[in-house]
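So the structure is just underneath, and the comments pick up after that.
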Amino acid sequence: MKCTYNFSAGPAVLPKSVMLRAQGEMIDWHDSGLSVMEMSHRGKHYMSIFEKVESDFRSLFNVPKNYKVLFLQGGAIAQNSMVPLNLLNGKKANYVVSGYWSKRTYQDALPFGDMSIAASSESIGFAKAPDLNDWKIDPSASYVHFCSNETIHGVEYFDMPSIKTIPVVADMSSHILSRPVDISQFGVIYAGAQKNIGPAGLTIVIVRDDLLEVASPLTPSVFNWKTQAENQSMINTPTTYSIYMAGLVFEWLIELGGLSAIEKQNIKKAELLYNYINSTDFYSNPIDIKNRSRMNVPFRIQNEDLHTSFVTGAENLGMIGLKGHRLVGGIRASIYNAMPIEGIQALVDYMKDFEKSH
Ligand SMILES: *Cc1c(COP(=O)(O)O)cnc(C)c1O
């Protein structure tokens with residue numbers, strides 16, 4: 001195999017052991033004579049898989065009883081429209097803009113009603129997340145939306161907002177399950193699967209029960225959280241195989257010791273990379289120390305002309321996906337749960353060599 005380490009932002013690296021298990025179960029799942037891909041989503045085999053996936057997710061992420069977990073489609077981007085359709089209820093909403101994704105969420109929400117920006121770090125190039133104390137919350141708004149980890153800019157909130165007046169809605173796509181979170185601080189959490197959960201196609205939405213009552217009648221039924229909650233996310237065919245794969249990832253995380261255990265690993269991995277970047281003027285990361293993402297690490301070389309040869313050289317060594325997002329350029333290493341620390345060590349070793357030879 002040529003690719004040794006995959007640093008892509010998403011679809012992203014999956015644990016090797018999970019893929020080997022999926023491979024072993026691919027043709028004939030547990031003597032059923034069927035591949036999971038061939039199963040009826042309402043049959044007993046698939047229902048047993050589905051129910052375990054949900055209960056494993058709930059225990060892993062410590063989801064309180066008064067929250068529903070939905071397994072939907074459409075990606076995180078579909079939720080940009082679904083959040084206002086399900087929650088706005090004719091009122092206003094507040095948006096925090098801390099990078100590309102939360103800005104896009106705000107822009108997508110504009111046609112639905114009276115949206116306002118509660119805080120923005122755009123004027124400083126998203127170099128730090130707007131401080132929680134600086135969020136201008138309108139208590140008459142239906143909710144405040146933010147993105148807790150900006151995948152492109154590499155900006156992460158480590159303290160989560162504790163707001164009593166209105167529900168907090170969070171896009172956690174690129175760092176969900178990277179550490180424990182107190183879900184009771186949120187009204188809604190959503191995440192596309194292809195960063196830290198499993199294959200693309202699945203979107204997980206966690207929603208507090210009392211927020212299920214106010215959807216606009218215009219909400220498409222497949223995206224109506226209440227309708228989906230009442231039908232086990234199966235008002236139509238769900239992404240059966242992506243859900244199964246996500247379940248294997250949840251089992252892998254549980255065996256590893258859960259989210260506190262993976263958090264320790266993630267801290268170590270991020271420190272290894274950031275410490276090296278900090279130790280040299282050759283590379284730099286523009287983000288305020290307290291918001292530097294543990295999952296997505298963008299960095300630049302002082303001589304910008306070297307970015308292409310850095311990325312090509314890394315590819316020749318089997319390290320792929322390091323090209324920065326087209327909007328910001330430079331280099332980005334996405335180091336999700338499934339990236340082993342050996343991958344980061346290999347990257348840092350390569351960075352040192354590259355620095356010496358340039
Ligand atoms: C990737 C990503 C998205 C977009 O997800 P899709 O599944 O492509 O819709 C939205 N928000 C964040 C934070 C992301 O990382």
Side-chain angles (χ1 to χ4, degrees), residues 6-14 70-86 95-110 120-122 126 128-130 143-158 160-161 168-179 181 186 188-206 220 222-223 225 233 238-239 241-243 245-246 249 266 270 287 291-298 321-328 332-339:
N6 177 7
F7 292 94
S8 295
V13 56
L14 285 167
L70 309 175
F71 296 87
L72 306 181
Q73 306 185 39
I77 291 300
Q79 294 307 312
N80 288 355
S81 308
M82 295 317 134
V83 167
L85 280 168
N86 279 277
Y95 283 80
V96 175
V97 174
S98 59
Y100 171 83
W101 290 111
S102 53
K103 183 177 177 188
R104 185 160 161 189
T105 302
Y106 166 69
Q107 287 168 335
D108 278 359
L110 285 172
S120 172
S121 53
E122 188 166 16
F126 301 121
K128 104 189 219 321
Y143 60 87
V144 56
H145 179 284
F146 82 117
C147 175
S148 47
N149 185 63
E150 286 283 357
T151 320
I152 292 174
H153 290 91
V155 179
E156 181 165 3
Y157 276 98
F158 291 99
M160 291 299 197
V168 175
V169 179
D171 176 359
M172 292 196 187
S173 293
S174 50
H175 74 158
I176 191 167
L177 303 183
S178 67
R179 58 185 160 103
V181 166
F186 297 87
V188 177
I189 292 169
Y190 64 89
Q194 71 274 25
K195 280 53 182 263
N196 222 5
I197 291 178
L202 167 66
T203 311
I204 294 188
V205 179
I206 305 168
V222 283
F223 289 123
W225 297 336
S233 305
T239 57
Y241 198 77
S242 291
I243 293 169
M245 285 293 293
V249 173
N266 286 332
I287 306 304
N291 293 124
R292 286 182 171 183
S293 170
R294 278 181 203 147
M295 297 285 107
N296 309 98
V297 183
L322 285 163
K323 190 172 191 288
H325 191 278
R326 64 196 145 76
L327 286 176
V328 293
R332 171 176 55 171
S334 293
I335 52 174
Y336 298 117
N337 286 349
M339 172 60 68

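As the structure is a computational prediction, the values presented were derived from the model and not from experiment. Whatever order the structure lists ligands and atoms in, that order sets their numbers, starting from 1.
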Legend entry - Considering all heavy atoms, the nearest P199-M245 contact: CD-CB, 3.4 Å
Inset, instruction - State, to 0.1 Å, how close G198 and L14 come at their nearest heavy-atom pair, and which atoms those are. - result: CA-CD2, 3.7 Å
Legend entry - Any residue meeting salt bridge (Lys or Arg N to Asp or Glu O under 4.0 Å) with R332, in chain and number order, not counting sequence neighbours: none
Legend entry - Check: Y190 side chain, G75 main-chain N or O, donor-acceptor pair, under 3.5 Å: no
Inset, instruction - Would you indicate whether the side-chain heavy atoms of V96 and H145 approach each other to under 4.5 Å? - result: no
Tabulating one pair per line, provide the atom names and distances (0.1 Å) for every N/O atom of ligand 1 that is less than 3.5 Å from a protein N/O atom.
| unit_1 | atom_1 | unit_2 | atom_2 | d |
| --- | --- | --- | --- | --- |
| ligand 1 | 7 (O) | A76 | N | 3.3 |
| ligand 1 | 7 (O) | Q194 | NE2 | 2.9 |
| ligand 1 | 9 (O) | A76 | N | 3.1 |
| ligand 1 | 9 (O) | I77 | N | 2.9 |
| ligand 1 | 11 (N) | D171 | OD2 | 2.6 |
| ligand 1 | 15 (O) | T151 | OG1 | 2.4 |
| ligand 1 | 15 (O) | K195 | NZ | 2.6 |

Legend entry - Cationic N near anionic O, under 4.0 Å, E156 to R294: no
